[in-house]
Structures are given as structure tokens and as C-alpha cells.
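Shown next, in C-alpha cells, is the structure this report addresses.
Scope of the values below: all heavy atoms of this structure, side chains included, with no hydrogens, waters or symmetry mates.
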Amino acid sequence: ANYIWNYELSKIAVSSAADEKKSLSDPDNKLVIFYTAYYHTMIAPNIYEDVDDKYRGRDNTIHVSQTFNNYTVFSLWDTFRALHPLLTLTDATRTNDFINTFIAQYEQGGRLPVWELSGNETECMIGYHSVSVIADAAVKGINDFDLKKAYTAMKSSAMADHFGLSFYKEKGFIESNEEPESVSKTLEYSYDDWCIAQIARAAGDSKQYRQHMRQAQYFKNVFDPGSRFFRARKN
């Protein structure tokens, strides 16, 4: 265990002559603070399969992950901004596994994960930020997954009509009386549209690229130039 953790934590090397002289229990020891935080980035997602590669999928049946490790605990609203971009730099192999798990969940359950736990969608939090993880990996050259399947799944997420997406696509924003968290959802759907547009461009799909880039500008429709805040609106 010591060897494995040292290997993982050694992927980032920081040094501080002053802090190396401090006790490990000193609350001001920045090396301890850094490596403790870095350790926390490795707690989840977790492998979710048995030693024979079998796991229970989104469709509640048993599958075998022959070409990738199947993972769980994709709290994507919490992790798409910082954790997953970090993991593209420190752990490309696991990032490929994450995305292969996304694709498998889409094929088994018809949806990319939003906030997945033990092969189930919890419907917790907002947005559909699997697309952010996929796009970030793809543009960085992490591509040991079927990009065509991933792109199909990304478009499917954007075409859904739940959680205010139908209003968003129809009006260019979500009215506060139509859906809770209307501003946050409008902003996050706009960002997810931008992510899909990047993959559409890479795939040479100019029509989808233009559509999602247009929708990526919808965040402007809830911006109040007077207060310079994004604010809810009804019409």
C-alpha cells in the first residue's frame, strides 16, 4: 500500500526547504497540505467491478468490461470544473476508463451519467457534465475510446427534454416560473453546448457545430447588464 500510494502521489513533485524542516503535524506545513489535498483527488471515482471483470450495469443486468475498468461515483456537477481536468494531466489511463464507462452506461440505460452511483442515476444536481469530461479529454489527445459513440451520446444528452432543456432550446433560456434553478441550468447547459460544439468541429459536423455554438451563447440571455449579475427572468 505504501508503494502504491507513493507512486500515485509522486506524479506531482513539489518541494519547500522551509516546510521540509517542519513537523508533519504542523498545521502550517504546506507540503502536508498539498499532498493531503492531492490524496483527496484519488478517493473517487472508484472501480465498480469484480475480479472477473463482471459488474451490474445501468440496465440492472451483468456485463463484462473486457477492455476497460468500469467505474462508479461520478458526482460530475462537483468534479467537472477542476477534478476531471486535473486527472487528464495526472491519470490519462483512468480518464479513458471513465469515458468508456460513460459510453457503457449510455448504451445500457440511454443516458450519459449526470450524478451516478453504483450503476444508477441519482438525478442529483444539474447539467449533464459528462460531455465536459469527454470534450476535455478528446482535445488533449486522450482518445482510447470510441469517439463516434461518445459524440452520439453527447448529442443525445443535449436533445433531451427534461429538467428545463425543452424551454432552454425553445426560448434560449429557462424562465424562473418554469423550472427551479433556472439561471444555473441555463448557464450550465450553455457550457455543455460549447463542449459538444468542440467535438462536432473535430468530427467535421459543421451543422451541429453551428447549432451548439449558437446555443452556447444562451448564457447571455440571463445576464443583467445593470447589476452585472446573471439573474432569473420570467419573460
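Within a 6.0 Å sphere centred on CD1 of Ile62, heavy atoms belonging to other residues, nucleotides or ligands number more than 12. Within 6.0 Å of CZ in Arg81 there are more than 12 heavy atoms belonging to other residues, nucleotides or ligands.
Looking only at distances, no side-chain donor or acceptor of Asp224 sits under 3.5 Å from a matching main-chain atom of Phe230. Between the side chain of Lys185 and the main chain of Gly127, no donor-acceptor pair closer than 3.5 Å is present. Distance alone, capped at 3.5 Å, places no donor-acceptor pair between the Ser156 side chain and the Thr152 backbone. Remark: side-chain polar atoms of Asp192 are paired, donor with acceptor, to backbone N or O of Tyr128 under 3.5 angstrom. At distances below 3.5 Å, at least one donor-acceptor pair connects side-chain atoms of Ser65 with backbone N or O atoms of Phe68. Distance alone, capped at 3.5 Å, places no donor-acceptor pair between the Tyr191 side chain and the His129 backbone. Between the side chain of Glu181 and the backbone N or O of Ile126, no donor-acceptor pair lies under 3.5 Å. Remark: the backbone N or O of Asn177 is not paired with any side-chain donor or acceptor of Glu175 at under 3.5 angstrom. Remark: the backbone N or O of Ile43 is paired with a side-chain donor or acceptor of Asn46 at under 3.5 angstrom. Judged by distance alone, with hydrogens and angles left aside, the side-chain atoms of Tyr48 form a donor-acceptor pair with the main-chain N or O of Ser118 at under 3.5 Å.
For the pair Lys11 and Asp91, the minimum side-chain heavy-atom distance is below 4.5 Å.
With respect to Arg214 and Asp193, no salt bridge is recorded, no charged nitrogen being found less than 4.0 Å from a carboxylate O. Comment: Arg111 engages Glu123 in a salt bridge, judged by a side-chain N to carboxylate O separation of less than 4.0 angstrom. A salt bridge is defined here as a Lys NZ or Arg NE, NH1 or NH2 lying under 4.0 Å from an Asp or Glu carboxylate O, and Lys54 with Glu49 fails to meet this definition. Asp97 and Arg94 are not joined by a salt bridge, as no carboxylate oxygen comes within less than 4.0 angstrom of a charged side-chain nitrogen. Ion pair Glu178/Lys234 not flagged as a salt bridge, since none of the NZ, NE, NH1 or NH2 atoms sits closer than 4.0 Å to an Asp/Glu carboxylate oxygen.
In this structure, Ile199 CD1 and Tyr209 OH are separated by 12.0 Å, a value rounded to the nearest 0.5 Å. A distance of 11.5 Å separates CG in Asp144 from OG1 in Thr95, rounded to the nearest 0.5 Å. Atom-to-atom distance recorded for Ser182:OG and Arg231:CZ is 12.0 Å, nearest 0.5 angstrom. The CG atom of Asn70 sits 10.0 Å away from the CG atom of Asp53 when rounded to the nearest 0.5 Å.
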Fill in: Ser16 and Asp19: CA distance, side-chain angles, deciding distance, side-chain hydrogen bond (donor to acceptor under 3.5 Å, both in side chains) verdict
CA-CA 5 Å; Ser16 168; Asp19 288 284; 2.6 Å; yes

Item to complete: Give the C-alpha distance, both sets of side-chain angles, the deciding distance and a yes or no for side-chain hydrogen bond (donor to acceptor under 3.5 Å, both in side chains) between Thr88 and Lys140.
Response: CA-CA 8 Å; Thr88 64; Lys140 290 175 178 173; 2.7 Å; yes

Worksheet item: So Thr72 and Glu116, side-chain hydrogen bond (donor to acceptor under 3.5 Å, both in side chains) or not? Walk me through it.
Response: CA-CA 7 Å; Thr72 188; Glu116 177 272 349; 2.8 Å; yes

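Tyr71 and Phe98 have their aromatic ring centers within a separation under 6.0 angstrom. When ring centroids are compared, Tyr218 and Tyr189 stay outside the 6.0 Å threshold.
For the pair Arg233 and Phe173, the distance from NZ or CZ to the six-membered ring centre is under 6.0 Å and the angle to the ring normal is within 45 degrees. Cation-pi geometry between Lys155 and Tyr151 is met: the NZ or CZ atom falls under 6.0 Å from the ring centre, inside 45° of the normal.
Screening Met213, His212, Gln215 against Trp194 for a side chain to side chain contact (heavy atoms under 4.5 Å, CB included) leaves a single residue, Met213.
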